[in-house]
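Here's the structure, in structure tokens; my notes come after.
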Protein chains: 2
Amino acid sequence: MAVTIKDIATRLNISVSTVSYALNGGPRPVPEAVRERVLEAARELNYRPNRVARSMITGRSHTIGVVPPGITHNVFLSPYLQHALSGVANAANDLHQDLVIFTRFEAADTEAMLGYLLDGRVDGAIFIAPSLSEDATRQLAASGLPCVCVSIAPHEGLPSFSPDNEGGIRLVMEHLFALGHRRFAHIAGRPEMDDAIARRGGFEAFLRSQSLPCPPESIVNGDFTMEGGALAMAELLRRGSGATAIVCANDEMAVGAMHTVQAAGLRVPEDISITGFDMSPYSGIVQPPITTVSQPVIEIAAAATSALVALVEGQEPPASRVFPTELVVRASTARPQEDLLIP
Amino acid sequence: MAVTIKDIATRLNISVSTVSYALNGGPRPVPEAVRERVLEAARELNYRPNRVARSMITGRSHTIGVVPPGITHNVFLSPYLQHALSGVANAANDLHQDLVIFTRFEAADTEAMLGYLLDGRVDGAIFIAPSLSEDATRQLAASGLPCVCVSIAPHEGLPSFSPDNEGGIRLVMEHLFALGHRRFAHIAGRPEMDDAIARRGGFEAFLRSQSLPCPPESIVNGDFTMEGGALAMAELLRRGSGATAIVCANDEMAVGAMHTVQAAGLRVPEDISITGFDMSPYSGIVQPPITTVSQPVIEIAAAATSALVALVEGQEPPASRVFPTELVVRASTARPQEDLLIP
DNA sequence: ATGAAAGCGCTAACAT
DNA sequence: ATGTTAGCGCTTTCAT
């Protein structure tokens, strides 16, 4: 049996309340002499406070629940998630919060997931790039559990901390356009994810703004993985879209796409320019390094975490925030070949 | 105030114990009719069981604590940790366990860390490549908290699930030796980490087994990161060790080292062969792809997790297990140049 | 200044 | 078959 404050109380012939106040340094004053004896007894008995019991009373666990996107096996292998988790962990540490990560995939079932989130172990939840149904969002709001969202919130009422997805895509496309590209293709992300939707929207919006056509065959869905990007690129080549620039919704897909292009005997960037999004480590170490858009994922996730903790502590719901993105020009983009140039 | 079983009991004019048994489907039998009414009332009231209260009684939280290595900022960015976490998460999911990840860095302080681990929220702990003091290990054992270790256990009594580090290094070195290499250098990992120590030991052992010299200047410490590998390689070049093959303790350092070599105007593998360890995604996408050793991190971590859960459930402490490694030959290794060959 | 006691929401032993 | 009640370990109100 573990040592409890009652053991300390018995040993010192004082009441448990005094022990509790001595251990917590308040709120009721405890004479220094008593305090010292309590602390010493605690040390001798090797006492460890039971936080579960404490949180039953205080109703606070000082623990934040993290819900990764599209809960599936091997969740931790996505560079995006890794950076988001790092940001959450950094901020949680500064704010003295612990993290429970919800990796119970069967909980993709909304009802079960709500059960996990609302079972009293966490004070609030951070959703990372979720694809939440409107119903789930509503139930979550009704439950009163403080929540925030890293990435675009799928529905009203969930404070959102996201990169400027459309703006980022505009940056790469302006860069490609300035180089002379006029025929673009897009490898989109998982169609149920809101950031993927926003990036695709940015692609279409730019073409519209330049009065360029945007035939349906110039867009193909990937799944944000290298393999998905490689397959999507193969599909584009098969379609013979004639695009000189491939705008990918993230870096992993760009790496995969570049691999397909190179395996087909084409050169990047001489024959085809490729761009990514996220500035993941992969994009910088492949040959050629990939032109991409950096978004401050770690800061975004940290800001979301701080906002969540403020919310838990009773402050006003934070305003959603959109973070700026930056163009990172590297060697995977160049002028299209002369004979492909459209005057 | 949240809905409790008492609310359900009051509403149906029955006792809380009946509600509890109905909700849990036992152990006391509850007539089907009553059960149905309870379930319906629970649904109507939107009742959610409070697991904190339950775990106070049962003493089980069905939650596992995960302690990452060398707790520091941005922990999640290490590919090794990502794979280990994936394995833990996969198994935890299958075994219906939740995960709390200990990212409270200040807890690097042993006493504080023990406090976190023993505050009642987790049923057991998984240490990933820890650098635990002997004292910490002893206290942990004394506490009775079930623990296992992914990687070599730093001390007796902690069941360990690790790759065959020495064997893996032997595999790459036999490969290099067969190619004709006779002058080797080693970029070691963080000297306080046991896997790093074992790999370095493997390097020295192989040289000894071939009666080759192992001058101290042929080994330099890195920190398992790309930057660390790049710096370590720069140091090796400065020392002019004349090594034709660089054996790195992991892939990130191999990528960094290769970058330094190429930036110095040397070619891989023509001028210098480089090998990694872990088969991380990076090693496969750089140019040239890096010859490495694959270890089944995900399976190792999953096995450790299963063993921990068995331990929590009162079974015998699991035996430590060493997992085989495999050589993955890629393009970063080749015969040394003729004029460098030692007859 | 400090002790006694009431719970937090739940399970399980004890009654009936 | 089912109701009553004693805790789990702790914080906090109420007495003294």
Side-chain angles (χ1 to χ4, degrees), chain A residues 1-38 41-42 45-63 115-116 118-123 143-145, chain B residues 1-38 41-42 45-63 115-116 118-123 143-145:
Chain A
M1 211 64 256
V3 180
T4 71
I5 54 170
K6 207 174 158 190
D7 297 320
I8 301 181
T10 311
R11 171 184 245 233
L12 298 179
N13 250 313
I14 58 179
S15 76
V16 290
S17 49
T18 302
V19 174
S20 171
Y21 292 125
L23 250 22
N24 294 330
R28 182 160 101 182
V30 173
E32 190 53 28
V34 178
R35 218 180 76 88
E36 299 238 309
R37 286 175 58 218
V38 170
L45 294 172
N46 208 15
Y47 166 78
R48 310 265 179 200
N50 182 322
R51 280 228 297 197
V52 175
R54 163 184 285 182
S55 75
M56 269 209 62
I57 299 173
T58 62
R60 291 269 267 120
S61 62
H62 296 279
T63 302
Y116 284 122
L118 301 176
D119 67 8
R121 286 177 308 165
V122 300
D123 294 338
S143 76
L145 185 81
Chain B
M1 213 63 255
V3 180
T4 71
I5 54 170
K6 206 174 160 190
D7 296 320
I8 302 181
T10 312
R11 171 184 245 235
L12 298 179
N13 249 314
I14 58 179
S15 75
V16 290
S17 51
T18 302
V19 175
S20 171
Y21 292 125
L23 250 22
N24 294 331
R28 184 159 100 182
V30 174
E32 190 52 30
V34 178
R35 217 181 76 87
E36 300 238 308
R37 287 175 56 216
V38 170
L45 294 172
N46 208 14
Y47 166 78
R48 311 266 177 199
N50 182 323
R51 282 227 297 197
V52 175
R54 162 183 286 182
S55 75
M56 270 211 60
I57 298 172
T58 62
R60 290 271 266 119
S61 62
H62 296 278
T63 302
Y116 284 123
L118 300 176
D119 66 8
R121 286 176 309 165
V122 299
D123 294 339
S143 76
L145 185 82

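Each chain gets a letter, A, B and so on, in the order its sequence line appears, and its residues count up from 1. On a predicted model such as this, the values are computed, not experimentally measured, just so you know.
As judged by a 4.0 angstrom heavy-atom cut-off over every strand, Arg28(B) is placed among the base-contacting residues. Note on Val30(B): nothing from the nucleic acid sits closer than 4.0 angstrom, heavy atoms only.
Projected onto DNA chain C by closest heavy-atom contact, Ala53(B) and Ser17(B) fall at different nucleotides, the more 5' of which corresponds to Ala53(B).
Summarising the geometry of Leu118(A) relative to Arg48(B), their closest heavy-atom pair is CD1-NE, 3.6 Å, with the distance given to 0.1 Å.
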Go through the steps for Val38(A) and Ile14(A) under the test side-chain contact (heavy atoms from CB on, under 4.5 Å), then give the verdict. CA-CA 9 Å; Val38(A) 170; Ile14(A) 58 179; 3.8 Å; yes
Does the side-chain contact (heavy atoms from CB on, under 4.5 Å) test come out yes or no for Arg28(B) and Thr18(B), once each step is laid out? CA-CA 8 Å; Arg28(B) 184 159 100 182; Thr18(B) 302; 4.0 Å; yes
Full working for side-chain contact (heavy atoms from CB on, under 4.5 Å) between Val19(B) and Leu12(B): CA-CA 9 Å; Val19(B) 175; Leu12(B) 298 179; 5.6 Å; no
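One finds no side-chain N or O of Tyr21(A) lying less than 4.0 angstrom from the OP1 or OP2 phosphate oxygen of dT13(D). Checking the phosphate oxygens (OP1, OP2) of dG9(C), no side-chain nitrogen or oxygen of Thr4(B) falls inside 4.0 Å. One finds a side-chain N or O of Ser20(B) lying less than 4.0 angstrom from the OP1 or OP2 phosphate oxygen of dT11(C). OP1 or OP2 of dG3(C) has at least one side-chain nitrogen or oxygen of Thr18(A) nearer than 4.0 Å. Using a 4.0 Å cut-off, some side-chain N or O of Asn24(B) falls inside it from OP1 or OP2 of dT11(C).
The separation between Asn13(A) atom CG and dT2(C) atom P is 13 Å, rounded to whole Å. One can place CZ of Arg60(A) at 13 Å from P of dT12(D), the figure rounded to the nearest angstrom. Atom CG in Asp123(A) sits roughly 15 Å away from atom C1' in dC8(C) (whole-Å rounding). Counting to the nearest Å, the P atom of dG9(D) and the CZ atom of Arg121(B) are 17 Å from each other. The CG-P distance, from Leu23(B) to dA12(C), rounds to 13 Å in whole Å. If you measure from atom NE2 of His62(B) to atom P of dC10(C), you get 16 Å, rounded to the nearest angstrom. For the pair Met56(B) CE and dC10(D) P, the interatomic distance rounds to 8 Å; values are reported in whole Å. Rounding to whole angstrom units, NZ of residue Lys6(A) and C1' of dT12(D) are separated by 18 Å.
Taking the side chain of Asn50(A) as heavy atoms from C-beta on, and the options dC10(D), dA1(C), dC8(D), the nearest nucleotide is dC10(D). Counting only heavy atoms from C-beta on, Ile57(B) has its side chain closest to dC10(C) among dA12(C), dC10(C), dC10(D).
Counting only distance, with no hydrogens or angles, the side chain of Ser20(A) and the backbone of Val16(A) share no donor-acceptor pair below 3.5 Å.
Taking the side chain as every heavy atom from C-beta outward, Val3(B) and Asn46(B) never approach each other to under 4.5 Å. Between Asn50(A) and Thr4(A), the closest side-chain pair of non-hydrogen atoms is not below 4.5 Å.
Residues Arg121(A) and Ser55(B) bring no donor and acceptor atom of their side chains to less than 3.5 Å of each other.
Computed from C1' positions of five pairs at each end, the angle between the two local axes of the helix from dA1(C)-dT16(D) to dT16(C)-dA1(D) equals 50°, rounded to 10 degrees.
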